[in-house]
Amino acid sequence: MLRSHYDFAIVGAGPAGSTCANALLLEGASSVILIDRARFPRDKICGDGIGPGVITVLEALDLEHILDGYRRVTQMVMTSPLGGRMALNDSEITGQSPLGYVIRRTEFDHALMTAAVEHGCADRTGWSLEGAEYADGRWRLDLAESETGELCSLTADVLIGADGATSRVRRLLGQPFNHDKHVSVSMRILAQAEEPYSARQELNVEKELPIPGYAWNFATGSGTVNVGFVCDTPTYKADGRHLREILETYKGLLPDTLAYDEATRHSQILPLASQMPPLAYPKVQAALIGDAASMINPLTGEGIFYGMEAGLLLGRGLARAAKTEQVRARALLQYERVFRRTFTGHFRGNYYLRKLLERPVLFDRMLRAGARDPNLCCDCIEYMMGNESGVGRTPLYRLALRTMFA
Ligand SMILES: Cc1cc2nc3c(=O)[nH]c(=O)nc-3n(C[C@H](O)[C@H](O)[C@H](O)COP(=O)(O)OP(=O)(O)OC[C@H]3O[C@@H](n4cnc5c(N)ncnc54)[C@H](O)[C@@H]3O)c2cc1C
């Protein structure tokens with residue numbers, strides 16, 4: 001039975017929103033509602049790469065069983081247009097693996113959202129946020145049923161915007177969208193492999209495709225292969241080709257044993273963390289997490305881990321705050337402080353690395369340096385995947401030296 005008022009309303013039941021809901025409920029909050037315009041299970045345009053940091057977040061929520069039955073990635077390959085190739089195989093990894101999983105978002109997001117509902121979260125999936133207003137110390141949210149258009153409204157003490165790359169909550173909070181320079185564009189399609197190959201991830205920079213930019217083919221290990229291309233908006237505009245044409249060109253470079261499902265070909269934008277809006281809005285008791293706050297790694301395009309980490313941090317902090325506006329305001333500010341302390345340097349490092357690697361010669365040298373030293377290759381991938389706590393920035397310096405003096 002749905003109520004008319006909640007302590008916490010989360011708009012968006014993707015990885016960021018569902019993680020936040022799970023964290024709130026696990027820490028003792030009892031009045032949480034998840035609102036999403038889609039009915040789950042729903043697809044999300046993505047490479048489906050679930051980085052290793054996600055495993056840690058799931059463990060913190062006691063939800064690691066979500067990964068049961070999926071195959072861990074056993075190989076990551078990167079290639080340059082000048083012939084360089086770096087491959088990291090799990091047999092060469094001596095410490096903890098920096099490789100994660102490839103899992104269809106239809107399944108992964110559904111499992112996270114279902115867990116939140118099982119923990120006691122109210123379920124308003126299939127309803128879209130149409131408008132919101134903060135008055136007299138609470139939010140009034142106007143919702144519309146996605147299929148019938150039926151309207152309803154509810155109130156909440158705190159509003160959490162986890163509504164993705166084109167976030168309405170972000171706009172309602174008065175935050176403009178990222179500048180073109182800090183937005184990537186992408187297109188992906190799903191395929192079935194004739195002979196399923198092992199779970200693996202391959203990133204290719206190709207001379208036939210816009211540079212800087214990269215294409216990928218990620219295999220789940222059970223037959224599905226996710227194929228796509230991403231580049232920043234100015235590069236895309238300068239290239240002049242339609243994304244579909246670029247994707248067709250990449251498909252032509254891949255083995256012809258892949259059977260593509262054209263109905264799964266879609267494009268989407270990626271707001272990059274090189275330009276993040278404020279995360280906490282204590283005066284109006286609101287916060288942004290995930291793509292709604294542009295938490296996408298500017299080098300790798302990964303965003304699931306950062307969105308989930310933000311959801312975990314915010315959910316835990318808010319659940320522990322007393323039910324007064326002042327204490328919640330402190331928890332919101334603390335969320336922003338800790339997130340920025342943890343990730344600002346990381347995002348900046350990845351942004352500069354991207355700028356460096358935009359030059360094919362340097363990218364090629366980096367791959368060749370990594371190919372000669374599996375440990376360096378392993379550390380660099382760990383750094384890029386957001387789990388730099390294990391390796392610090394040393395691999396970056398080692399990589400820079402070896403790239404420059406190769
Ligand atoms: C092509 C592509 C490839 C990518 N590949 C990877 C990858 O391999 N690995 C990785 O880690 N990241 C990848 N990313 C990034 C990743 O997809 C996002 O960072 C991640 O989905 C962010 O999660 P989120 O919960 O913030 O938002 P989302 O997953 O986008 O969820 C937002 C939710 O909000 C809902 N919503 C939106 N508006 C409203 C509204 N008005 N009312 C109600 N609900 C609303 C949507 O229906 C959606 O369910 C990729 C992105 C793209 C575009």
Side-chain angles (χ1 to χ4, degrees), residues 44-47 49 77-86 164-167 170-171 175-189 201-218 226-254 260 262 264-277 291-303 306 347-368 384 399-400 403-404:
K44 157 76 178 78
I45 313 310
C46 186
V77 176
M78 294 188 211
T79 65
S80 95
L82 302 176
R85 183 178 190 274
M86 176 171 96
T166 53
S167 171
R170 176 170 170 163
R171 259 177 289 142
Q175 294 305 320
F177 195 64
N178 279 20
H179 186 277
D180 262 10
K181 276 194 298 193
H182 302 284
V183 177
S184 288
V185 292
S186 64
M187 183 169 262
R188 79 96 225 251
I189 190 165
Q201 292 177 289
E202 181 164 331
L203 297 172
N204 312 118
V205 178
E206 303 282 359
K207 59 181 182 315
E208 293 86 349
L209 309 176
I211 297 177
Y214 69 81
W216 72 83
N217 64 90
F218 290 175
N226 184 314
V227 174
F229 171 78
V230 64
C231 69
D232 61 36
T233 309
T235 304
Y236 175 58
K237 285 184 176 167
D239 183 79
R241 276 178 287 176
H242 191 277
L243 274 174
R244 190 187 298 186
E245 238 178 299
I246 299 169
L247 189 65
E248 283 304 314
T249 307
Y250 182 53
K251 278 161 69 179
L253 302 174
L254 294 177
Y260 294 95
E262 289 300 324
T264 63
R265 178 169 38 72
H266 295 292
S267 57
Q268 205 183 8
I269 50 162
L270 294 87
L272 304 176
S274 39
Q275 190 185 33
M276 288 200 306
D291 283 11
S294 305
M295 292 177 177
I296 296 190
N297 185 313
L299 174 67
T300 63
E302 253 203 311
Y306 308 108
F347 287 141
R348 197 176 295 138
N350 273 275
Y351 179 72
Y352 288 127
L353 194 55
R354 172 183 135 181
K355 288 278 148 213
L356 204 70
L357 299 180
E358 279 176 358
R359 292 185 221 168
V361 174
L362 289 182
F363 181 57
D364 190 73
R365 282 197 201 168
M366 181 196 94
L367 296 192
R368 290 175 197 273
M384 290 181 212
L399 185 71
T403 300
M404 281 190 269

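For the single chain, residues carry numbers from 1 onward in sequence order.
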To the nearest 0.5 Å, what is the distance between CD on E245 and CE on M187? 11.0 Å
Can a side-chain donor-acceptor contact be found between K44 and Q268 if the only test is distance below 3.5 angstrom? yes
Y214 versus G301, closest heavy-atom pair with distance: OH-N, 4.2 Å
Residue among K237, R241, H242 satisfying side chain to side chain donor-acceptor pair (under 3.5 Å) with D239: R241
Heavy-atom pair with the smallest gap, counting every atom of S184 and L272: OG-CD1, 3.6 Å
Could you tell me which non-hydrogen atom of S274 sits nearest to which non-hydrogen atom of Y351, and how far apart they are? CB-CD1, 3.7 Å
Decide yes or no for F363 and P212: does some side-chain heavy atom of the first lie under 4.5 Å from some side-chain heavy atom of the second? no
S267 versus V185: any side-chain heavy-atom pair under 4.5 Å? no
Heavy-atom donor-acceptor pair, E208 side chain to T249 backbone, under 3.5 Å: no
In terms of heavy-atom contacts, does CZ of R348 have more than 12 from other residues, nucleotides or ligands at under 6.0 Å? no
Over all heavy atoms of both residues, which pair between Q201 and G49 is shortest? Give the atoms and the distance, please. NE2-CA, 3.7 Å
Are side-chain heavy atoms of S186 and I269 found at a separation under 4.5 Å? no
Of all heavy-atom pairs linking R170 and D291, the shortest is NH1-O, 4.4 Å
Considering only heavy atoms from C-beta outward, does the side chain of V205 approach that of P360 to under 4.5 Å? no
Roughly how far, to the nearest 0.5 Å, is OG of S80 from CE of M366? 9.5 Å
Is the closest side-chain heavy-atom distance between R188 and R265 below 4.5 Å? no
Nearest 0.5 Å please: distance from the CG atom of N297 over to the OH atom of Y306. 4.0 Å
For the residue pair S294 and N178, what are the closest heavy atoms and their distance? OG-OD1, 3.0 Å
Parallel under 30°, tilted from 30 to 60°, perpendicular over 60°: which one fits the rings of W216 and F218? tilted
Evaluate the criterion side-chain contact (heavy atoms from CB on, under 4.5 Å) for residue pair D232 and K181; output intermediate values, then yes/no. CA-CA 7 Å; D232 61 36; K181 276 194 298 193; over 6 Å; no
Would the distance check show the side chain of D364 and the main-chain N or O of G84 forming a donor-acceptor pair, the cut-off being under 3.5 Å? yes
Side-chain donor-acceptor pair under 3.5 Å between T233 and D180, yes or no? no
Output for pair (K251 NZ, I189 CD1), nearest 0.5 Å, gives 4.0 Å
Counting heavy atoms not belonging to F177, are there more than 12 under 6.0 Å from its CZ? yes
Just how far is it from atom CD of E248 to atom OH of Y260, taken to the nearest 0.5 Å? 8.5 Å
Is the shortest heavy-atom distance from the side chain of P210 to the side chain of Y236 under 4.5 Å? no
Is there a donor-acceptor pair under 3.5 Å between the side chain of Y250 and the backbone N or O of L209? no
Spacing of C46 atom SG and H266 atom NE2 [to the nearest 0.5 Å]: 13.5 Å
Indicate yes or no: does E358 engage R354 in a salt bridge with an N to O separation below 4.0 Å. yes
